[in-house]
Amino acid sequence: MTGADRPGGPLGRPPGPLGRVAVIVPTYNEMANLEQIAARLGAAVPDADLLVIDDNSPDGTGELADKLAAGDPRVSVLHRQAKSGLGSAYIAGFRWALQRGYGVLVEIDADGSHQPQELPALLAALDQADLVIGSRYVTGGTVLNWPRSREILSRGGNTYARLMLGISVRDVTGGFRAYRASALRRIPLEEVESQGYCFQIDLALRMIRAGLTVVEVPITFVERTRGTSKMSRAIVAEALWRVTQWGLASRLRRRPSSR
């Protein structure tokens with residue numbers, strides 16, 4: 001571990017109204033993007049700290065993250081031994097940040113598809129919410145440079161999840177998010193098993209069912225220009241299976257018993 005645990009590091013900066021902000025960035029083979037996303041985050045939200053969670057990337061991403069941390073007390077690195085999924089990476093990051101007393105935890109992709117300059121809008125909306133989702137599919141949100149087939153898949157998946165789960169969130173798979181730490185403490189993170197983009201659905205659903213406030217703010221999502229997407233058929237299949245399972249279970253619980 002490097003960065004935030006060092007004396008004189010970011011722990012000495014005064015917190016904002018909701019406390020200190022930890023931006024969590026899982027990485028696997030993102031060497032081409034990491035340095036730029038770290039610089040853009042530092043410019044957009046100078047008081048935020050960055051935690052890179054690298055899953056033993058063979059392209060040297062972890063070594064680059066260590067280099068960034070050595071030169072910037074706002075950057076920390078958590079190294080994991082293998083590629084273990086987006087969900088478990090975020091859970092590890094959440095636990096790291098909660099143990100260190102951060103008041104706000106942010107999810108953002110390492111590939112540049114989420115625009116760091118839009119993060120202040122998410123943080124501002126958190127004043128009236130427990131979870132803020134940067135949404136592609138509310139008024140004002142947009143997607144740039146995606147093939148039509150990918151956008152249809154994403155919109156269709158979000159519509160299916162919304163209808164199956166009976167929720168109103170329009171971009172429940174969106175991965176640009178800000179959480180109040182107090183809200184995450186109310187979620188049993190040890191019970192979360194979702195790994196791919198289904199993890200985003202899982203966390204939003206748990207927040208809603210816990211009576212917490214989830215809001216969406218529009219963002220511009222830009223398809224990556226460097227590196228390779230981690231989307232796969234297995235990720236899509238996991239989301240479809242789990243959403244169907246959760247939706248059917250909810251319907252069975254609501255069904256009146258016959259005597």
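In this text the structure is predicted, and so the values were computed from the model without any measurement.
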_Can you pull out every side chain to side chain donor-acceptor pair (under 3.5 Å) where at least one residue sits in residues 183-192? Sequence neighbours excluded, please._
none
*May I ask you to say whether Arg155 pairs ionically with Glu151, meaning some side-chain N is under 4.0 Å from a carboxylate O?*
yes
*Got a second to check how far Lys83's NZ is from Asn29's CG, nearest 0.5 Å?*
9.0 Å
*Just how far is it from atom CD1 of Ile167 to atom CZ of Arg209, taken to the nearest 0.5 Å?*
9.0 Å
*Can you tell me how far the CD atom of Glu223 sits from the OG atom of Ser113, to the nearest 0.5 Å?*
7.5 Å
_For Gln245, all residues meeting side-chain contact (heavy atoms from CB on, under 4.5 Å), sequence neighbours excluded_ = Trp241
_We want to know whether Glu30 and Asn33 form a side-chain donor-acceptor pair, criterion being a heavy-atom distance below 3.5 angstrom._
yes
*Listed partners of Ala129 passing side-chain contact (heavy atoms from CB on, under 4.5 Å), at least two apart*: Val132, Thr213, Val215
*asked:* Could you measure the distance from the CD1 atom of Ile219 to the CD atom of Gln117? Nearest 0.5 Å is fine.
replied: 10.5 Å
*Answer with yes or no whether the side chains of His79 and Asp55 bring together a donor and an acceptor at under 3.5 Å.*
no
*Would you please name every residue forming a side chain to side chain donor-acceptor pair (under 3.5 Å) with Asp54, sequence neighbours left out?*
Thr27, Ser57
*Of Val214, Val169, Leu165, which meets side-chain contact (heavy atoms from CB on, under 4.5 Å) against Leu205?*
Leu165
_Euclidean distance, Asn158 CG relative to Arg170 CZ, rounded to 0.5 Å_ = 9.0 Å
_Between Leu189 and Leu98, is there a side-chain heavy-atom distance shorter than 4.5 Å?_
yes
*Of the non-hydrogen atoms in Glu216 and Ser168, which two are nearest, and what is the gap between them?*
OE2-O, 4.2 Å
*Are Asp49 and Tyr102 linked by a side-chain donor-acceptor pair shorter than 3.5 Å?*
yes
*Is a side-chain donor-acceptor pair under 3.5 Å present for Arg100 with Ser76?*
no
_The criterion is salt bridge (charged side-chain N to carboxylate O under 4.0 Å, His left out); which residues satisfy it with Glu193, sequence neighbours excluded?_
none
*Which pairs with one or both residues in residues 121-176 pass ring pair (Phe, Tyr, Trp, His ring centres under 6.0 Å), sequence neighbours excluded?*
His114-Phe176, Trp146-Phe221
*Would you check if Val192 and Ile91 make a side-chain contact, meaning some heavy-atom pair closer than 4.5 Å?*
yes
